[in-house]
Amino acid sequence: MGKLTNPSQLIKGIFLFLILASITVFLAKSDLNALKKELSSVGYRFIVILFTTCAAYFVGTLAWWICLGSAKKKVNLIELFAIRQIGETVGLFNPTSIIGGDLLKVQLITRYDIPLKEGLNSVAISRITAVLSQLTLFLIAMLWLIFSPLKNEIIRYAGPVIYIICLFLFLLMILILYWLIAAKSPSQTKASTATFFGKAKAHSQSLLWSVKDFYRHQNKVFWYSYLLFALHWIIGSLEFYYILKFLGVAVQPIHGLIVDMSVIVLKSIGAFIPGQLGIEEIANKLLLHMIGITGGSIWLSASLLRRGRQLTWVALGFIFYLCIKKKPVHVPI
């Protein structure tokens, strides 16, 4: 009899199948003819949208790169940019969302002779700084919106829900900060590693304490990453601003930030759906109406152009993966 399939290979095969199936569903459900029409109406200005997202992704890569510590010398920013884009693409098209994408980033970065533990720590730390900066910007955007002339429009569409969401996210941000600052010593009770769940618990505890240790000993680097991710989100929100400008809507950059941050929060609800199909479109429509942009097909045109940008980066993610796949695998220590 032949050898049984290696469990890790089987898991990878299932994971790859789910990603490819999700992308197939995404493409099948995308109206490519409508997208082509919108791209024709925007013309060469679509390059501005791609350049904006590229700049945002590069700043996000820099925010992760500095979290690598001394290991950052082993991988340059261009290579890390490619790894990050691959991970973000996978995170968009698999049921585990960012978890699967981040784990792939860790796996790929070991090809640059970076130990698995250091790669895992850097991804976890950068994810925390990204979330914290995103929550901060979302709350700032909501405060501006609540005290703006659009307040009545917000109440009409969202009612008290907007205040509940803001309070919940504010408390979540405070809880994360408290957890980081709290100077407790690691528990001496070791989790059982005899079972799969025991091993998972032990690895999770080790990772969490590594993050706390990084925060205590490299506090400046942590907050530099936080600021870089804040800049990443701000630049990324300009995508919405430019799309609306190109569609002939009179908007300000703050409107792009409000819509982008809010859409990201709403999309997290349907993170398990391939490409958040339908969720993103509904979020776009709701948020644009909230800030007073109620033109018949504006939300649809904006959604199609954002899908166009998304498809472009998905294609580039595949190209990046094929290039990195050629690199030899280093066994982490």
Side-chain angles (χ1 to χ4, degrees), residues 56-72 75 77 80-81 83-88 90-92 96-109 114-141 165-166 168-187 200-237 260-261 264-265 267-269 271:
Y57 295 158
F58 184 80
V59 175
T61 302
L62 185 59
W64 174 23
W65 184 69
I66 65 173
C67 293
L68 279 165
S70 59
K72 64 178 177 286
V75 57
L77 281 170
L80 200 65
F81 179 94
I83 293 172
R84 182 180 183 276
Q85 196 52 43
I86 294 166
E88 294 299 313
V90 169
L92 188 65
T96 63
S97 188
I98 62 173
I99 296 174
D102 282 356
L103 289 176
L104 180 58
K105 291 178 190 176
V106 175
Q107 183 187 32
L108 291 176
I109 205 170
I114 293 175
L116 182 65
K117 186 176 180 180
E118 287 186 36
L120 191 59
N121 289 346
S122 71
V123 169
I125 293 159
S126 63
R127 181 58 65 183
I128 289 173
T129 56
V131 169
L132 282 174
S133 60
Q134 182 185 356
L135 290 175
T136 304
L137 288 173
F138 174 79
L139 291 171
I140 290 172
I165 292 173
C166 287
F168 172 77
L169 294 179
F170 176 73
L171 291 176
L172 176 61
M173 186 171 68
I174 296 300
L175 183 64
I176 294 172
L177 288 171
Y178 175 77
W179 174 78
L180 285 168
I181 295 169
K184 279 188 176 181
S185 299
S187 173
K201 183 179 179 181
H203 286 307
S204 298
Q205 288 176 339
S206 175
L207 177 61
L208 291 174
W209 283 112
S210 294
V211 171
K212 285 174 72 75
D213 187 64
F214 183 94
Y215 179 80
R216 284 198 294 268
H217 294 96
Q218 299 193 58
N219 191 267
K220 287 185 178 180
V221 176
F222 182 93
W223 289 112
Y224 285 151
S225 178
Y226 168 89
L227 291 173
L228 283 168
F229 267 117
L231 183 59
H232 157 78
W233 296 120
I234 291 170
I235 296 173
S237 70
D260 195 42
M261 292 296 98
I264 290 172
V265 171
K267 282 199 305 181
S268 64
I269 299 170

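All heavy atoms count here, side chains included; hydrogens, waters and symmetry mates do not. Every value quoted in this text rests on a predicted model; they were computed, and no experiment measured them.
- Shown here for Ser210 and Asn121, the closest heavy-atom pair between the two residues is CB-OD1, 3.4 Å.
- Note that NZ of Lys72 is 11.5 Å distant from OG of Ser122, once rounded to the nearest 0.5 Å.
- Here the side chains of Phe222 and Ile128 are in contact, with some heavy-atom distance below 4.5 Å.
- Interatomic distance, Trp233 CH2 to Asp260 CG, rounded to the nearest 0.5 Å: 8.0 Å.
- Applying the salt bridge (charged side-chain N to carboxylate O under 4.0 Å, His left out) test to residues at least two apart or on different chains, the pairs with a partner in residues 124-135 are Glu88-Arg127, Asp102-Arg127.
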Please test Leu227 against Ser133 for side-chain contact (heavy atoms from CB on, under 4.5 Å), starting from the C-alpha separation and ending with a verdict.
-> CA-CA 7 Å; Leu227 291 173; Ser133 60; over 6 Å; no
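- Exactly one of Val221, Ile181, Thr129, Ile125 qualifies for a side-chain contact (heavy atoms from CB on, under 4.5 Å) with Tyr215. That residue is Ile181.
- In this structure Ser126 satisfies the side-chain hydrogen bond (donor to acceptor under 3.5 Å, both in side chains) test with no other residue, sequence neighbours excluded.
- Using a 4.5 Å cut-off on side-chain heavy atoms (C-beta onward), Leu180 and Val211 make contact.
- Applying the side-chain hydrogen bond (donor to acceptor under 3.5 Å, both in side chains) criterion to Thr136, with sequence neighbours excluded, gives Tyr226.
- Remark: the backbone N or O of Phe81 is not paired with any side-chain donor or acceptor of Trp65 at under 3.5 angstrom.
- The line from CE of Met173 to CD1 of Ile176 is 9.0 Å long, rounded to the nearest 0.5 Å.
- Of the inter-residue distances, the one linking Leu135 atom CG with Leu177 atom CG reads 9.5 Å to the nearest 0.5 angstrom.
- No side-chain heavy atom of Lys117 sits less than 4.5 Å from a side-chain heavy atom of Leu120.
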Are Ile83 and Thr61 close enough, and set up right, to give a side-chain contact (heavy atoms from CB on, under 4.5 Å), and what steps lead you there?
-> CA-CA 9 Å; Ile83 293 172; Thr61 302; over 6 Å; no
Worked check of side-chain contact (heavy atoms from CB on, under 4.5 Å) between Phe170 and Phe138 = CA-CA 10 Å; Phe170 176 73; Phe138 174 79; over 6 Å; no
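- Rounding to the nearest 0.5 angstrom, the gap separating the CZ atom in Phe229 from the CD1 atom in Ile234 is 13.5 Å.
- More than 12 heavy atoms of other residues, nucleotides or ligands lie within 6.0 Å of OH in Tyr57, so this atom counts as buried by the packing criterion.
- In plain terms, the two heavy atoms of Arg84 and Lys105 that are nearest each other are O-CE, 3.8 Å.
- Closest approach of Glu118 to Ala71, counting heavy atoms only: OE1-CB, 3.1 Å.
- Using a 4.5 Å heavy-atom cutoff, the side chains of Trp64 and Ile109 are in contact.
- Rounding to the nearest 0.5 angstrom, the gap separating the CD1 atom in Ile174 from the CG atom in Leu132 is 9.5 Å.
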